[in-house]
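Throughout, protein chains are lettered first and strands after them, A, B, ... in sequence-line order, and every chain is numbered starting at 1.
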Amino acid sequence: MEVSQSQASTNATQNPNPNNNYPSNSNSILSSTPVWPTIDGPLGLSEEESLSYVRRFYKFGYALLPFLWAVNCFYFWPVLRHSRSFPRLRPYVVASAIGFSVFSVLLCSWVLTFALGGEQLFGPTWDQLVMYNVADRLGLTGWS
Amino acid sequence: MAQTQRPKTLLDSLGEEIIRILTPVSICMFLVVLLVSILNSSSSLSVTSIATIAYSETSSDSSWDKFLGALLNSLAFVAVVTVATFILVLFFYLRCTKFLKIYMGFSSFVVLGFMGGEIALFFIEKFSVPIDCITFLVLLFNFAVVGVLAVFMSKMAIIVTQGYLVLIGMLVAYWFTLLPEWTTWVLLVALALYDLAAVLLPVGPLRLLVELAMSRDEDIPALVYEARPVTHHDSASGPVQRRIWRGRQNVTLDSEDNLSSNINVNVVSDLSSTANIVQANHSGTRMARVEEGQVSERDAELSAPLIDRRMDGQDGVLAESLMLEGMGLGSSGAIKLGLGDFIFYSVLVGRAAMYDFMTVYACYLAIVAGLGITLMLLALYQKALPALPVSIALGVLFYFLTRFLLEVSLYNVL
């Protein structure tokens, strides 16, 4: 089993071979290293194509889009899970994961502070910031 | 390991494909029913939109007046939709697909951002969620932008794209359920008839669109839900990307100049009026095109015919997989269903939910049966067929039967 696995891994990293729909090693061996970097498997992108996508998702995530980082990690989950595969893609996906976690920690702490602190912590500005008052003030829900 | 796999039967492959398209339709309908039942207390909202420019229903009018008014509204709406589709055909003929794509992206952004925001605000107000406006804006922005990217970038995770399409359908359908009651029903029937005409008549815009796309062998970049292809394990070739389309074109009309005067001035409405209806591009295979209109005014959705088409340009059949299975080739490609179908089925069920849950069940079953019948007809006739008429007809029939029989039987029991 070990021989076949390493064989599979060397095959995978040396010959990503996007033109073959079914690379010769993936059918017969229960390989632990994935051939396809996306969760969609053969329906998704090949390794070469995904490089530009990972990079683009990563860069756009800086425009206040942590959700894009999360989608990036989700989409390229095999890259994250198998730590030695896809060496070109991995830095971006890991950076997206770190960015998303940092941002979500910050956001969660802010949301909890706001919700639990309430007026005691913020004083009159709480009423100004809370969404339902803002919506009333701007007449956003009076649509018709 | 040598293992003879039991060859998948027709029922397996066909059934799995049908399930993969029924599931999102059902989820969309379920979400709309959920929204309607939770937010229904705000039934006093009267929406001014293109579908009510001719007549605004008030509860004090007589039935005949309401019916006439609803008829006028529906005719106006269908007229707008027709014009929109012809304009779309024109754009497609002149190969302005880039413009159409951008327009569609913008429309999706408006639908997701503004309508999604409105509905989120309804929830916030109803449940008094203590969220502040900065967080809300950030979250909404994220949601909308990722949604636009998911729908228009050809390669994002399939489940994310499918999820966002269902959400867009849900949002637009919820908007439509805010229309007055008579108008909604007459509108549904009118759109079903329009669909029938537009697809089957030789002069119908949808038929022209499909023929154009087929002659050029282009893909329709439209808001179309694409089910995950069913892969057969015994296929020698890999997943074959097939262009099977089930076209349902929804065209939304860009009529901001006409409509701005009819729209209540309101932050959202203003933005709505500047957002034009999205026109789904139809590239090549006539798929369902969903053009998300800016809800209120612009939703002019046409139902495109259901077409199954193969990549090699012939008019394919839903049961392509039948023939290809026989030859041992890769199995079916993806089934595509236009977002307009999602929307109008959900509108019907949402309206039924405003009455009672019994009507919801009846209408759901009717719509699913209608969809099944349409698929069978498609396999039988092997040409473009409209998907709305059968389902809407059955749905409306079952709604009125259930509603009035329920009342009668309740009176008898009590």
Would you say [X]'s side chain and [Y]'s backbone share a donor-acceptor pair under 3.5 angstrom?
| X | Y | result |
| --- | --- | --- |
| A:Trp69 | A:Tyr58 | yes |
| A:Ser50 | A:Ser46 | yes |
| A:Ser109 | A:Leu106 | yes |
| B:Thr177 | B:Gly350 | no |
| B:Asn73 | B:Thr183 | no |

- Query: Heavy-atom distance under 4.5 Å between the side chains of B:Phe136 and B:Ile124, does that happen here?
  - Reply: yes

- Item | B:Phe141 versus chain A, the contacting section by heavy-atom distance below 4.5 Å | both

- Using non-hydrogen atoms and a 4.5 Å limit, figure out which bit of B:Leu139 sits close to chain A: side chain, backbone, both or neither. side chain

- Message: Run the ring pair (Phe, Tyr, Trp, His ring centres under 6.0 Å) test on A:Phe76 and A:Trp36 for me, step by step, so that the C-alpha distance in whole Å, both residues' side-chain angles and the decisive distance to 0.1 Å come before the verdict.
- Response: CA-CA 9 Å; A:Phe76 292 103; A:Trp36 305 97; over 10 Å; no

- Task: Take B:Asp132 and A:Trp110 through the side chain to side chain donor-acceptor pair (under 3.5 Å) test and state the conclusion after the steps.
- Result: CA-CA 10 Å; B:Asp132 65 306; A:Trp110 164 250; 3.1 Å; yes

Heavy-atom cut-off 4.5 Å, strictly under: side chain, backbone, both or neither for [X] against chain B?
| X | result |
| --- | --- |
| A:Leu68 | both |
| A:Phe57 | side chain |
| A:Val111 | side chain |

- Item | Neighbours of chain B found in residues 90-102 of chain A - heavy atoms under 4.5 Å | none

